[in-house]
Amino acid sequence: MTMRPLLTLLRTAVSVGSSRAVCSEAGNKWIKPAGYDTGIKTYNSLSRQKEPLVLAKEGVATWYSCGPTVYDHAHLGHACSYVRFDILQRILTRVFGINITHVMVITDIDDKIIQRGLEENISPLVLARMYEEEFKKDMMALKVLPPAVYMRVTENIPQIVAFVERIISNGHAYATDQGDVYFDTQSIGSRYGKLVNFGNAAEAPGVKDKRDPRDFALWKASKPQEPYWESPWGRGRPGWHIECSTIASSVFGSQLDIHSGGIDLAFPHHENEIAQCEAYHKCDQWGNYFLHSGHLHLKGSSEKMSKSLKNYITIKDFLQSYTANEFRLFCLLTRYRSGIDYSNASMNEARSTLSTISTFIHNAQAYMQGHLQCQTLQEDLLWERLSLTQASVRTALADDFDTPKAVDTIMSLIYHGNCQLQPVTTADGTSRSPAVFGAMVSYIRDIMDILGVDLLDRKESYADSSSGVLHNVVEQLVHFRSEVRNFALSVEDKVPQDLQSSVQPHRKKPHADRVPLLKACDALRNNLVPLGVQIKDRGTNFTWEITQQQKETKDKKS
């Protein structure tokens with residue numbers, strides 16, 4: 001035997017031996033992956049605790065998420081999950097420099113889609129396309145970044161058939177005389193139940209041709225009036241779980257860094273995905289991290305928001321009362337994996353938080369422009385606060401993406417900034433420190449933009465091409481008012497002769513005939529408030545901003 005074939009055999013033996021070593025020790029326990037440690041800790045549903053986030057490749061994360069079953073309008077419960085994971089991905093990308101390859105599946109063939117198509121006398125595939133486009137528009141309105149690619153189940157049927165065939169050949173599935181194919185849960189023993197340990201739960205009790213009540217469908221034989229595809233087991237269509245395993249594997253192969261979805265998908269959907277992929281790839285750990293978001297509840301209800309319970313609010317209806325920025329703040333104020341209560345009060349808290357941030361930025365800019373006069377600032381204290389805030393926010397986000405703590409830290413910085421932005425009528429002789437406020441504004445804008453909150457309101461649904469014109473018109477109006485007001489405030493130059501020798505200084509008053517002008521200026525200021533324009537008089541100076549109108553919202557609680 002020559003040296004080259006010998007080396008080849010040795011490399012092969014080492015490779016096979018390493019693979020077997022990994023696959024033989026796992027059982028249903030989580031294995032810490034080898035690779036690049038990001039310095040982040042995240043709660044992993046596989047181990048039921050926080051774990052260091054280790055990626056297979058430095059600076060790159062493969063991410064698969066379960067998309068919608070498109071048979072109806074997306075609702076706020078869906079939005080909550082997608083926005084929360086969008087926040088996580090933004091943090092990984094822009095705070096920690098990790099490039100994410102995100103793939104999402106669109107379930108466009110399913111029992112519910114078929115049933116809705118029959119009810120509305122429309123092709124299930126046409127119905128699915130309609131709601132798919134609506135879903136994408138909803139996500140765009142909520143500023144959720146799209147995945148690298150959306151993949152449809154119906155466009156991957158040959159791959160799904162081949163995936164099922166290999167699971168059968170590996171001894172982990174069986175076909176029935178009726179043309180169904182089931183996964184054999186007994187074939188993987190105690191390994192079934194990695195996520196929730198529901199190994200004794202039956203997916204569909206009462207099916208006679210199952211070997212075990214826990215077995216689940218990989219392929220379903222067609223029924224009358226249902227779409228179907230040809231397969232080695234006869235005409236039929238994919239089961240629910242197999243689509244995700246096939247599509248994720250077709251893109252990422254035998255190893256996936258991160259899999260995400262709502263907590264309601266952990267069992268049976270994600271549990272069955274794991275079983276299928278590990279049976280197909282002959283490995284002990286296909287997905288390294290499973291991240292689950294908590295349910296959205298209506299305030300006072302223990303039930304999640306869902307279509308089946310008919311207690312949902314569509315995204316389109318929601319955006320008639322609130323903005324995408326306000327909803328994102330609402331999501332940021334709780335941990336992504338915690339349950340979250342939706343109510344007008346919780347949304348108003350988010351709205352108030354957003355308003356506080358915007359008002360601070362506006363006042364800081366007014367100070368920088370010289371429109372807001374303040375006493376001498378404790379500049380060193382603000383620089384120190386800014387530095388501590390930047391470090392603390394990064395630490396919070398590295399700890400399982402703790403956005404509530406990060407937001408609290410940012411609000412604390414704003415509080416200390418506001419404490420020094422106290423206006424005075426005159427500030428003669430005081431030194432100015434605009435640079436530190438410029439740094440604070442830049443950081444707050446940047447970190448909120450990272451989290452998906454657009455403080456410049458560039459993409460709000462209510463904004464249109466006329467917003468710039470409106471801004472300029474208001475600016476001219478406010479400047480005109482300022483000139484009138486300053487003219488009205490000008491005082492009499494001469495002091496009466498009989499008061500010149502008085503001990504008490506003469507109190508200067510505006511000309512009596514100018515008082516109506518002052519009252520008119522005050523009335524204009526007050527009347528503009530409900531129209532969304534807020535003017536603040538600062539002695540002879542002023543600041544102004546266009547605010548979001550406080551729309552009345554209906555109580556959506558069912």
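In this chain, residues are counted from 1 in sequence order.
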Thinking salt bridges, do [X] and [Y] make one under a 4.0 Å N-O criterion?
{"X": "R94", "Y": "D449", "value": "yes"}
{"X": "R335", "Y": "D402", "value": "yes"}
{"X": "E134", "Y": "K316", "value": "no"}
{"X": "R481", "Y": "D537", "value": "yes"}
{"X": "K137", "Y": "E133", "value": "no"}
{"X": "K405", "Y": "D408", "value": "no"}
{"X": "K143", "Y": "D86", "value": "no"}
{"X": "K57", "Y": "D257", "value": "no"}

Using a distance-only test with no angle check, is there a side-chain donor-acceptor pair under 3.5 angstrom linking [X] and [Y]?
{"X": "W286", "Y": "S254", "answer": "no"}
{"X": "H241", "Y": "H270", "answer": "no"}
{"X": "H259", "Y": "S65", "answer": "no"}

Original post:
Any cation-pi pair here, R84 with Y336, using under 6.0 Å and within 45°?
Top reply: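 No; the conditions do not both hold, so R84 does not lie above the ring face of Y336.
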